[in-house]
Chemist: 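Dropping the structure in here first, questions after.
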Amino acid sequence: MKIIVCKDAAEVAARAAEIMQAVVCEKSDAVLGLATGSTPLGLYHNLIDAHNREGIDYSHVTTVNLDEYAGLPADNDQSYAYFMRHNLFDGLGIAPTQTHIENGMATDPAAECARYDALLEALPRDIQLLGIGSNGHIAFNEPGTSFDTTTHVVDLKESTIRDNARFFASMEEVPRQAFTMGMKQIMDAKQILILATGEAKADAVYGMVEGEVTTALPASILQTHPACTLICDEAAARRLTNV
Ligand code: GLP
């Protein structure tokens, strides 16, 4: 794993934008695996800014997202579909038909997972962006998830519900289940870019980089990916001994 430690979150966003833009400039019809959460917001802001200033063209890219809450329609402002449209796709001029995410309202979850598996198979990702949960989860693959998983529905851990409650009016409103891309599919991306900022991620980052590869800390599998880059700030890198 290549590790880049930056001074702060703004520098993380700037370095991450350079990498994402390089992928799109090299291949205008790239397939981008994208993530939600607060961590990638600075990166998304920078991508939109560069698109507006320098005209970097996203009209031919295709995007696939990692995960979506079960039970939230795409027009709910807490859904990840809504988050992506408002924080990135509209700003980059990416047509909805070129963007993909699990349908949180699917009435047949098994069929929805099979649909997403087929989609991922048909759209090999040039890069997969990731954040990391404070318990080491990636996408919504919680600790204990097998490294062989494909798209599935998960019961969110109490710690994840608590972490994500800040986006909702109350804890009770946070969905208890989500659809998520599986571990195997995350690892299938040609390149992985994982971002981490802030003190609250320091333990997870340490486990991911210097701990053993274990399903108890899902992100630790990234140690075995041939082209994975971690960009983190000094607070998130606090426990690392090897940088
Ligand atoms: C959610 C998402 C993850 C994300 C994580 C961390 O659980 N499913 O993809 O990485 O939150 O979010 P944040 O960046 O807000 O800390």
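In each ligand, atom 1 is the first atom listed, and ligand 1 is the first ligand listed. Positions are given from 1 along the sequence.
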Chemist: Are F167 and L195 joined in one hydrophobic group, where the rule is that I, L, V, M, F, W and Y side chains link up if heavy atoms are under 4.5 Å apart?
Modeler: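 No: no chain of side-chain contacts under 4.5 Å links F167 to L195.
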Chemist: Given T150 and Y116, is the side chain to side chain contact (heavy atoms under 4.5 Å, CB included) satisfied, shown in steps?
Modeler: CA-CA 9 Å; T150 54; Y116 216 64; over 6 Å; no
Chemist: By number and element, which atoms of ligand 1 are closer than 4.0 Å to a non-hydrogen atom of S38?
Modeler: 13 (P), 14 (O), 15 (O), 16 (O)
Chemist: Which protein heavy atom lies closest to atom 7 (O) of ligand 1, and at what distance to 0.1 Å?
Modeler: H137 NE2, 2.8 Å
Chemist: Check step by step if side chain to side chain contact (heavy atoms under 4.5 Å, CB included) holds for D29 and T62.
Modeler: CA-CA 7 Å; D29 61 349; T62 302; over 6 Å; no
Chemist: Between Q128 and D188, is there a side-chain donor-acceptor contact under 3.5 Å, judged purely by atom types and distance?
Modeler: no
Chemist: Just jot down the ligand 1 atoms closer than 4.0 angstrom to any heavy atom of I132, in number order.
Modeler: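 Those atoms are 6 (C), 10 (O).
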Chemist: List the closest protein heavy-atom neighbour of atom 3 (C) of ligand 1: residue, atom name, distance to the nearest 0.1 Å.
Modeler: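 Here the nearest protein heavy atom works out to A139 O, 3.6 Å.
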Chemist: Just let me know how R166 lines up against ligand 1, side chain, backbone, both or neither, with a heavy-atom cut-off below 4.0 Å.
Modeler: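 The answer is the side chain of R166.
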Chemist: Check for me whether the distance between the ring centres of Y80 and Y69 falls short of 6.0 Å.
Modeler: yes
Chemist: Is it the case that atom CD in E54 sees more than 12 heavy atoms from other parts of the structure closer than 6.0 Å?
Modeler: yes
Chemist: Give me the residue, atom name and distance of the protein heavy atom closest to atom 16 (O) of ligand 1.
Modeler: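 Checking every protein heavy atom, the shortest distance to atom 16 (O) of ligand 1 gives K201 NZ, 2.6 Å.
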Chemist: Considering only non-hydrogen protein atoms, determine which one is nearest to atom 2 (C) of ligand 1 and report residue, atom name and distance to 0.1 Å.
Modeler: Y80 OH, 3.7 Å
Chemist: Considering non-hydrogen atoms of the protein only, which is the closest contact for atom 12 (O) of ligand 1, and what is the distance?
Modeler: G37 CA, 4.0 Å
Chemist: For ligand 1, which atoms have a heavy atom of G131 less than 4.0 angstrom away?
Modeler: 10 (O)
Chemist: For E68 and T180: C-alpha separation, side-chain torsions, deciding distance, then whether side chain to side chain contact (heavy atoms under 4.5 Å, CB included) applies.
Modeler: CA-CA 7 Å; E68 179 60 286; T180 185; over 6 Å; no
Chemist: Among all protein heavy atoms, pick the one closest to atom 4 (C) of ligand 1 and tell me residue, atom and distance.
Modeler: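 That would be T36 O, 4.1 Å.
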Chemist: Out of all atoms in ligand 1, which are within 4.0 Å of some heavy atom of T39? Include the element for each.
Modeler: 13 (P), 14 (O), 16 (O)
Chemist: For atom 8 (N) of ligand 1, what's the nearest protein heavy atom and its distance?
Modeler: D67 OD2, 2.8 Å
Chemist: Begin from the C-alpha positions of Q191 and D126 and carry the test side-chain hydrogen bond (donor to acceptor under 3.5 Å, both in side chains) through to its verdict.
Modeler: CA-CA 6 Å; Q191 187 185 160; D126 294 290; over 6 Å; no
Chemist: Quick check on M181 - does any of its heavy atoms sit under 4.0 Å from an atom of ligand 1?
Modeler: no
Chemist: Whether the N103 and E112 side chains hold a donor-acceptor pair (N or O, under 3.5 Å, no angle test) is what I'd like checked.
Modeler: no
